[in-house]
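Note that this is a predicted model, so its numbers are computed, not measured.
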Amino acid sequence: MNIAPPQQTRRQRSGLLVTALAVTMFTACTSEPDNEENATPSPEPTPSTTPQERTEVVSDNLDVPWSIAFYNETLLVSERDSTRILELDDEGEARSIGTIDAAVPNGEGGLLGLAVADGYLFTYFTADDENRIERRELSGEPGSLEFGASETVVDGIPAAGHHNGGRIAIGPDGMLYVTTGDAGNTGNAQDLDSLAGKILRMTPSGGVPDDNPFADSLVFSFGHRNPQGIAWADDGTLYSSEFGQDTWDELNVIEAGGNYGWPEVEGVADRDGFIDPVQQWRPAEASPSGIEVYEGAVYIANLRGERLFEVPLSDPTTVTEHFVGDYGRIRDVIVGNDGSLWMVTNNTDGRGDPSDTDDRIIRVNLEE
């Protein structure tokens, strides 16, 4: 479906996907990794078994879409640079609900993650000098949705032109989880007084839960470089994907209070005090962003690697790759209300090679 771009210039599961996680910034820092001698090879991937005939382009001509979330049966989309929130109708046509006026596009920053819960739309975005989380009440019927006044949930998260994290999600415990990058300052990741380089956990209004691992702190885990994916297995296990630097992208199992090593280590290091990833990939093959867990596997959207990983929870050292190079850069993946996968491409973000119809939202039928 053709969707008119904004007035500003557009920049030029079940068992069928891929394993993997870990994602490297395309404009990564260049310091030498310190764990090369301990490096573990990337897993040998299993070829895709998912035919393109089981995919459907739901919507196209989007302007740097970053995150998608369902509000009841309606799919909502964030656009990073236009800062618009879109709703899609049954035909994939887009309507702008409104813009997040305080969002300021800057490199990898702008309007990023979306989450929906209890009638609220949560947004994570880069403002003038910070990353911020806001929420707004949603109202109206499909085709005429609108949101109310903004309410700040958390502000003061360090921001930069890169490494902003940006994924937000409501956990099975009803808490709001947020991934934040180190904002280009590696020291932030190990500093428990900084909100950068962390996974944060909070009440939906921004309060500190009593059972957080550090007293009076939103910090749930630390030592992260630039995590951009979070999702839960049915047993409550939290997984996260993370961009590495030059050596390894990571898939991590997140533990409350855990230290994931950045910038001291990257990938599997086997060093006391740091939690190793359960899987790692070379950045050129991965650069993972959004993830989803469905029917015993983690599905990972990869940017630079231009593929969808499927990693079985029963053996996260293995991986199946899907759609390698078919759709270009893939930013996000979620499971829809109908049990299918929904993927978001990101070829108009300044790093891809967009086709005439990019960017697109693609539905994948998981049924055999």
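Tracing side-chain contacts under 4.5 Å through hydrophobic residues (I, L, V, M, F, W, Y), one reaches V178 starting from I170; they form part of the same cluster. Linking ILVMFWY side-chain heavy atoms closer than 4.5 Å, directly or via other members, places I334 and L86 in a single hydrophobic cluster. Cluster membership check: L313 shares its hydrophobic cluster with I291, using side-chain heavy-atom separations under 4.5 Å among Ile, Leu, Val, Met, Phe, Trp and Tyr. Hydrophobic clustering places L62 together with W342 (ILVMFWY residues linked when any side-chain heavy atoms are closer than 4.5 Å, directly or through intermediates). Cluster annotation: F122 is not connected to I230 through the hydrophobic network of ILVMFWY side chains, with a link wherever side-chain heavy atoms come within less than 4.5 Å.
One side chain, R201 or N212, offers a donor N or O that lies under 3.5 Å from an acceptor on the other. N259 and E264 are not linked by any side-chain donor-acceptor pair at a separation below 3.5 angstrom, with hydrogens and angles left out of the test. Residues S355 and D358 have side chains that bring a donor and an acceptor to within less than 3.5 angstrom of each other. No donor-acceptor contact under 3.5 angstrom links the side chains of D182 and N188, judged on distance only. Side-chain contact check for T74 and N72: no donor-acceptor pair (N or O, by modelled atom type) lies under 3.5 Å.
In this structure, T186 OG1 and H163 NE2 are separated by 10.5 Å, a value rounded to the nearest 0.5 Å. In this structure, CD in Q228 is found 10.5 Å from OG in S67, a value given to the nearest 0.5 Å. Considering OG of S240 and CZ of F220, their distance stands at 11.5 Å, rounded to 0.5 Å. Here the straight-line distance linking atom OG of S241 with atom CG of L251 works out to 7.5 Å at 0.5 Å rounding. Atom-to-atom distance recorded for T317:OG1 and E44:CD is 12.5 Å, nearest 0.5 angstrom. Note: Y327 OH to D359 CG = 13.5 Å, rounded to the nearest 0.5 Å.
Contact check for L112 versus N164: side-chain heavy atoms found under the 4.5 Å cut-off. Between S340 and V335, the closest side-chain pair of non-hydrogen atoms is not below 4.5 Å. At least one side-chain heavy atom of T345 sits under 4.5 Å from a side-chain heavy atom of I362. Proximity of E56 to N365: side-chain heavy atoms (C-beta onward) are nowhere separated by under 4.5 Å. A heavy-atom distance below 4.5 Å is not found between the side chains of E306 and I330. At a threshold of 4.5 Å between non-hydrogen side-chain atoms, the residues E93 and L88 do not count as touching. At least one side-chain heavy atom of E255 sits under 4.5 Å from a side-chain heavy atom of I275. In this structure, the side chains of L200 and V219 come closer than 4.5 Å at one or more pairs of heavy atoms.
A pairwise comparison of heavy atoms in T99 and S82 identifies CG2-O, 4.2 Å as the closest pair. Among all heavy-atom pairs drawn from P158 and N131, the shortest one is O-ND2, 3.0 Å. The two residues S221 and H224 have their closest heavy-atom pair at OG-NE2, 2.8 Å. Taking each heavy atom of A196 and G181 in turn, the nearest pair found is CB-O, 3.2 Å. Between P277 and Q280 the shortest heavy-atom distance is CG-OE1, 4.3 Å. Of all non-hydrogen atoms in L218 and G206, the two that sit nearest each other are CD2-O, 3.9 Å.
Using a distance-only test at 3.5 Å, with no hydrogens or angles considered, no donor-acceptor pair links the side chain of R84 to the main chain of E79. Remark: the backbone N or O of G109 is not paired with any side-chain donor or acceptor of T126 at under 3.5 angstrom. Looking at E130, its side chain never comes within 3.5 Å of a backbone N or O of A159 through a donor-acceptor pair. The backbone N or O of D191 lies less than 3.5 Å from a partner atom in the side chain of K198, making a donor-acceptor pair. Judged by distance alone, with hydrogens and angles left aside, the side-chain atoms of Y260 form no donor-acceptor pair with the main-chain N or O of E266 at under 3.5 Å. Within the 3.5 Å criterion, the main-chain N or O of F214 finds no donor-acceptor partner in the side chain of S217.
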F323 vs M343, test: side chain to side chain contact (heavy atoms under 4.5 Å, CB included). Steps then yes/no. CA-CA 11 Å; F323 313 120; M343 305 188 301; 4.0 Å; yes
Using the rule given for side chain to side chain contact (heavy atoms under 4.5 Å, CB included), can you reason through I68 versus I361, listing the C-alpha separation, both sets of side-chain angles and the distance that settles it, and then say yes or no? CA-CA 9 Å; I68 55 177; I361 295 175; 4.1 Å; yes
Stepwise side chain to side chain contact (heavy atoms under 4.5 Å, CB included) check, Y239 with I254: CA-CA 6 Å; Y239 292 84; I254 302 301; over 6 Å; no
Please test E292 against W232 for side chain to side chain contact (heavy atoms under 4.5 Å, CB included), starting from the C-alpha separation and ending with a verdict. CA-CA 8 Å; E292 181 65 284; W232 290 261; over 6 Å; no
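For an aromatic pair to be called close, the ring centres must be under 6.0 Å apart, and Y124 with W66 fails this. For W262 and F222, the ring centers sit 6.0 Å or farther from each other.
Chaining together hydrophobic side chains whose heavy atoms lie under 4.5 Å apart places L138 alongside Y71, L76, I85, I97, I100, L111, L114, V116, L121, F125, L145, F147.
For E87, the salt bridge (Lys or Arg N to Asp or Glu O under 4.0 Å) partners two or more places apart in sequence, or in a different chain, are R95.
Applying the salt bridge (charged side-chain N to carboxylate O under 4.0 Å, His left out) definition to pairs two or more places apart or across chains, those involving residues 333-348 are D338-R363.
Ionic pairing of E134 and R132 is present here: one or more N-O contacts between side-chain nitrogen and carboxylate oxygen are shorter than 4.0 angstrom. Salt bridge annotation for D276-R271: absent, with no cationic side-chain nitrogen under 4.0 angstrom from a carboxylate oxygen. Using a 4.0 Å cut-off between a side-chain N of Lys or Arg and a carboxylate O of Asp or Glu, R351 and E108 qualify as a salt bridge.
Crowding of D173 atom CG: a count of heavy atoms from other residues, nucleotides or ligands under 6.0 Å exceeding 12. More than 12 heavy atoms of other shown residues, nucleotides or ligands fall within 6.0 angstrom of atom CG in D235. Within 6.0 Å of CG on D155 lie more than 12 heavy atoms contributed by other residues, nucleotides or ligands. With a 6.0 Å radius and a threshold of 12 heavy atoms from other residues, nucleotides or ligands, D211 has its CG atom above the threshold.
Shown are R167, R80, R360; of these, the salt bridge (charged side-chain N to carboxylate O under 4.0 Å, His left out) with D332 is made only by R167. Test N347, N346, D349 against R329 for side chain to side chain donor-acceptor pair (under 3.5 Å) and you get one pass: D349.
Under a cutoff of 6.0 Å and an axis angle of 45°, R135 and Y120 form a cation-pi pair.
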